[in-house]
Number of protein chains: 2
Amino acid sequence: MDALLRFIHAMTTFSEESWIRLQPALSTQEFKKNEFLLKEGAVCQSLFFIEKGYCRSFYEIDGVEKNTAFYLENEIATNIRSFGSGEKSAAGIIACEPIKAIVFDKKLLFEAAAQTAEIEALGRNCIRLFAAKQDEFATLFNIYAAKDRLAYIEEKHPHLLQRVSQTQLASFLGVARETLSRIRKRRVP
Amino acid sequence: MDALLRFIHAMTTFSEESWIRLQPALSTQEFKKNEFLLKEGAVCQSLFFIEKGYCRSFYEIDGVEKNTAFYLENEIATNIRSFGSGEKSAAGIIACEPIKAIVFDKKLLFEAAAQTAEIEALGRNCIRLFAAKQDEFATLFNIYAAKDRLAYIEEKHPHLLQRVSQTQLASFLGVARETLSRIRKRRVP
DNA sequence: TTTCACCTGTGACGATCATCACAAAATATA
DNA sequence: TATATTTTGTGATGATCGTCACAGGTGAAA
């Protein structure tokens, strides 16, 4: 819970009282490797604060998984479209390592937010941060070629490369595994 | 202002009183064609509700503009990362047609939100909608090839094709203008 | 240690794309 | 209307990428 408190305090002002009022919406949950946090087709009812381990969000297209995001320690994992709208999620979220997460239940979170402005602001800031992260990676695809996307990740998110396999990274960068291998090779001076 | 009220009511519950309290944060503003709503390098202090006309968000990379979004009537235009964080925007927003917009001033909006839960909820829902739209188009790039991205826009956002030139659309789809022309030609039965 | 599943690198080849160049068509402006 | 500007289509060519195929390497479980 300490990590979550630090995460919250880094984002917004949050009193002891708000923390206590937030508790009913929280629960800890563990996931084994390759266990689903969210199955595609299900409605996303939760925000997952990742304490330990990491997971990935992906779409399955013609039997092939296309990764759209990785969520590492001290980040919030969710499907923002399904969580916000209540519609089924087209993407799944799956644990890449054993995960310890603190789960925000949507219904209970909204009840707590209705009571306290600080919790309402917390929810807003979580969405804002999530949107900013999404914007960052969406921009990657809009303006860069594959090799530049790799360079960007190497510079701005080097920790990702320490954890994620080439296969998973290639899927995230939007190229075939073989192409990623060749991009690496091509630019070695 | 009617269009804005309809937009708000479609999204969240909003009393007469909240509407009155929101007024100080609002102003109407007009932009000529090719006038900037937001210059790249500036901090985004506003949400622009588009009443008439449309605009596009773009990055300039090596002298070439890469479109990342179009904002048409009854949509909110902004740079979510700069608006949320207060950092400079790497993207610009420019009017593609003469625009009439209702501008939400960030500072005054936050003051109004601090007073009223409904306005706070409005802000949260605006961000949520914006994030959902962003997620939709980010996914486009993650999982589809260029020709499938075009097919998606044709099916889900046909009104875009009525307004936007091939050149602008190609930039948005992430292909050269010539390639878009050939994609169209290639699949005609 | 051996086996087996999985990950990574690499070659070959066809498909798709970017780029340069130029002409035709559409649109704006005088 | 006539002229200028912008937009679009198309050919040629080289670069990049996806796919199929296979080999070497790594790590986990028997």
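A note on names: the letters A, B, ... follow the listed sequences, proteins ahead of strands, and every chain is numbered from 1. Hydrogens, waters and symmetry mates are skipped; everything else that's a heavy atom, side chains included, is used.
With hydrogens and angles ignored, a donor-acceptor pair under 3.5 angstrom links the side chain of R182(A) to the base of dG11(C). A donor N or O paired with an acceptor N or O is not found under 3.5 Å between the base of dG9(D) and the side-chain atoms of R184(B). Within 3.5 Å, no donor on the side chain of Q168(A) pairs with an acceptor on the base of dC7(C), nor the reverse.
Side-chain N or O atoms of R128(A) include one that pairs as donor or acceptor with a backbone N or O of G84(B) at under 3.5 Å.
Aromatic rings from H157(A) and F137(A) are positioned such that their centres are separated by under 6.0 Å.
Nucleotide dA21(C) holds its P atom 14 Å from the CZ atom of R177(B), rounded to whole Å. Remark: C1' of dC17(C) and CG of D148(B) are 15 Å apart, rounded to the nearest angstrom. R186(B) places its CZ atom 14 Å from the C1' atom of dG11(D), with the value rounded to the nearest Å. Separating the CG atom of L180(B) from the C1' atom of dT19(C) is a distance of 16 Å, rounded to the nearest angstrom. Rounded to a whole Å, the NZ atom of K147(A) is 13 Å from the P atom of dA15(D). Between N34(A) atom CG and dA28(D) atom P the separation is 15 Å, expressed in whole Å. Atom pair E178(B):CD and dC22(C):C1' shows a separation of 12 Å (rounding to whole Å applied). Taking atom CD on Q166(B) and atom P on dA26(C), their separation rounds to 13 Å, with Å as the unit.
Using modelled atom types, one finds no donor on one side chain facing an acceptor on the other under 3.5 Å when comparing Y71(A) with S57(A).
The K185(B) side chain lies nearest to dT10(D) when the options are dT10(D), dT19(D), dT8(D). The side chain of I183(A) lies closest to dC17(D) when the candidates are dC20(C), dC17(D), dC17(C).
Electrostatic pairing of E97(B) and R163(B) counts as a salt bridge here, judged by a charged N lying under 4.0 Å from a carboxylate O.
Applying the 4.0 Å criterion to OP1 and OP2 of dT6(D), one finds that T167(B) has every side-chain N and O outside that range. Note on T179(B): a side-chain N or O is less than 4.0 Å away from OP1 or OP2 of dA18(C).
Counting non-hydrogen atoms under 4.0 angstrom, S181(A) reaches a base of the nucleic acid. Within the nucleic acid shown, A145(A) has no heavy atom closer than 4.0 Å to any nucleic acid atom.
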Next item on the list: Give the C-alpha distance, both sets of side-chain angles, the deciding distance and a yes or no for ring pair (Phe, Tyr, Trp, His ring centres under 6.0 Å) between F104(B) and F49(B).
Entry: CA-CA 8 Å; F104(B) 290 67; F49(B) 176 79; 7.5 Å; no
